[in-house]
Amino acid sequence: MISRNAIRALIGQAADAASLDVVYRTALRCVREGLDVERASLLVLDSSRTMRFVAWSGLSSGYRSAVDGHSPWAPDDPPPPPWLVPDVEQESSLAAYLPTLRREGIGALAGIPLQFGRKLLGKFMLYYPAPHAFSEAEIATAQQVADHVAFALEHHRIASALDARLFAERELRRHAESEAARRHASENRLHLALAAGRMGTWEWDIVSGRVDWSPELESLHGRAPGTFGGTVDAFRQDVHPADAERLERAIAAVLAAPDSNYEIEYRIVLADGECRWLAARGRVVVDGNGRPARMIGICRDTTERKRKEE
């Protein structure tokens with residue numbers, strides 16, 4: 001079973017890595033350690049919706065070239081189950097690849113889909129030198145690893161989109177007119193990603209006290225669009241009492257050090273009594289004198305992951 005430390009490392013590196021290559025390498029390590037296999041690979045759908053190798057262990061370049069683009073699932077299929085091949089010699093769909101598999105010394109393999117919600121992101125592959133009967137425990141562990149890998153990949157993409165938005169805002173101060181159209185397009189893409197990933201954006205004008213939530217964030221809080229009160233106090237009303245003091249300390253700390261990142265996970269209580277976990281990530285925007293003027297960021301619903309961990 002994959003360790004909590006490995007999971008934390010994967011999620012942490014996904015949030016902080018400047019390059020997806022770091023996320024890919026960490027994900028592959030989690031796959032190998034969690035499932036105790038010597039050979040594994042990670043493939044991700046590219047812009048043409050084709051499976052491409054992004055990380056691998058113990059595979060020859062000839063093998064990767066021969067099977068490049070192969071996938072047992074179509075990109076738009078409903079969420080697929082794991083693809084288990086206990087004996088490659090008996091799998092009719094692999095008949096054309098048998099010479100390549102024999103040269104590579106692969107007797108069994110498994111493909112585990114990487115899914116975020118209903119969206120297929122890619123797969124990781126496990127390779128065995130001889131026929132292998134997959135146990136229920138192995139499959140459960142494989143799916144657990146896949147869930148965390150998919151979450152890490154999507155989290156990194158959303159965090160990168162947030163960084164791109166911050167960069168666009170800095171550019172707007174110098175080139176307001178020319179950058180306005182670019183920012184609008186960037187925000188449209190961000191809203192599409194947020195809706196798919198159960199995430200929402202927020203912005204706090206520290207001087208006026210005004211807080212703006214995206215419709216996606218209002219939905220996460222169980223509110224109809226446009227019904228959020230628009231103040232810090234209105235937000236505090238939703239925070240679980242057990243997490244309120246810790247949340248206030250995190251806000252105070254980032255205001256005292258505007259160059260630092262704001263990252264915290266906390267609970268909210270909906271009007272019907274339902275409790276949800278949210279993870280917030282944001283940054284402080286300073287004015288011309290270096291004083292905190294605004295905070296902007298994203299929140300994501302992590303309730304399902306918390307329940308799995310528990």
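Between D76 and R49, at least one side-chain N (NZ, or NE/NH1/NH2) sits under 4.0 Å from a carboxylate O, which counts as a salt bridge. Of the charged side-chain nitrogens involved, none lies within less than 4.0 Å of a carboxylate oxygen, so that D259 and R283 do not count as a salt-bridged pair. Electrostatic pairing of R276 and E274 counts as a salt bridge here, judged by a charged N lying under 4.0 Å from a carboxylate O. By the 4.0 Å N-to-carboxylate-O rule, D243 lies close enough to R267 to be salt-bridged with it. With respect to E203 and R210, no salt bridge is recorded, no charged nitrogen being found less than 4.0 Å from a carboxylate O.
Between D212 and W204, the closest side-chain pair of non-hydrogen atoms is not below 4.5 Å. R236 has its side chain within reach of E248: a pair of non-hydrogen atoms, C-beta onward, lies under 4.5 Å apart. A 4.5 Å side-chain heavy-atom check between L43 and F124 finds every atom pair outside the cut-off. In this structure the side chain of I106 never reaches within 4.5 angstrom of the side chain of P129, judged on heavy atoms. A heavy-atom distance below 4.5 Å is found between the side chains of L255 and V284. Contact annotation: the side chain of Y262 approaches that of M295 to within less than 4.5 Å [non-hydrogen atoms, C-beta and beyond]. The closest side-chain heavy-atom distance from M125 to M51 is not below 4.5 Å. Between L42 and L114, the closest side-chain pair of non-hydrogen atoms falls below 4.5 Å.
Of the listed residues (L109, V85, L98), just one forms a side-chain contact (heavy atoms from CB on, under 4.5 Å) with E91, and that residue is V85.
Panel note: side chain N261, backbone E263; no donor-acceptor pair is recorded below 3.5 Å. Between the T141 side chain and the A137 main chain, a donor and an acceptor come within less than 3.5 Å of each other. Distance alone, capped at 3.5 Å, is enough to place a donor-acceptor pair between the T303 side chain and the W277 backbone. No side-chain donor-acceptor contact under 3.5 Å links Q115 to the backbone of D147. In this structure, D46 contributes its side chain and S48 its backbone to a donor-acceptor pair below 3.5 Å. Put simply, the side chain of T302 never gets that close to the backbone of R305: no donor and acceptor are under 3.5 Å apart. Side-chain N or O atoms of D287 include one that pairs as donor or acceptor with a backbone N or O of R291 at under 3.5 Å. Formation of a donor-acceptor pair under 3.5 Å by the T227 side chain with backbone atoms of A224 is found in this model.
Under the 30°/60° scheme for interplanar angles, the aromatic rings of F235 and W213 are found to stand perpendicular.
In this structure, a donor-acceptor pair under 3.5 Å is present between the side chains of E104 and S60. When only modelled atom types and interatomic distance are considered, T231 and D233 share no side-chain donor-acceptor pair under 3.5 Å. Between the side chains of S57 and E38, no donor-acceptor pair of N or O atoms lies under 3.5 Å.
For the atom pair CG of L220 and CE of M199, the computed distance is 9.5 Å after rounding to the nearest 0.5 Å. Note: L120 CG to W73 CH2 = 6.5 Å, rounded to the nearest 0.5 Å. To the nearest 0.5 Å, the span separating CH2 on W202 from NE2 on H221 amounts to 11.0 Å. Note that NZ of K123 and CG of L45 are 9.5 Å apart. Values are rounded to the nearest 0.5 Å. Between the CZ atom in R249 and the CD1 atom in I264 there is a gap of 8.5 Å [rounded to 0.5 Å]. Atom CH2 of W83 and atom OG of S71 lie 8.5 Å apart (nearest 0.5 Å).
Residues H70 and Y97 place their aromatic rings such that the two centres sit under 6.0 Å apart. For Y128 and F134, the ring centers sit closer than 6.0 Å to each other.
A cation-pi arrangement is present between R64 and W56 under the rule of less than 6.0 angstrom and at most 45 degrees off the ring axis.
In E304, the CD atom is not crowded: 12 or fewer heavy atoms of neighbouring residues, nucleotides or ligands sit closer than 6.0 Å.
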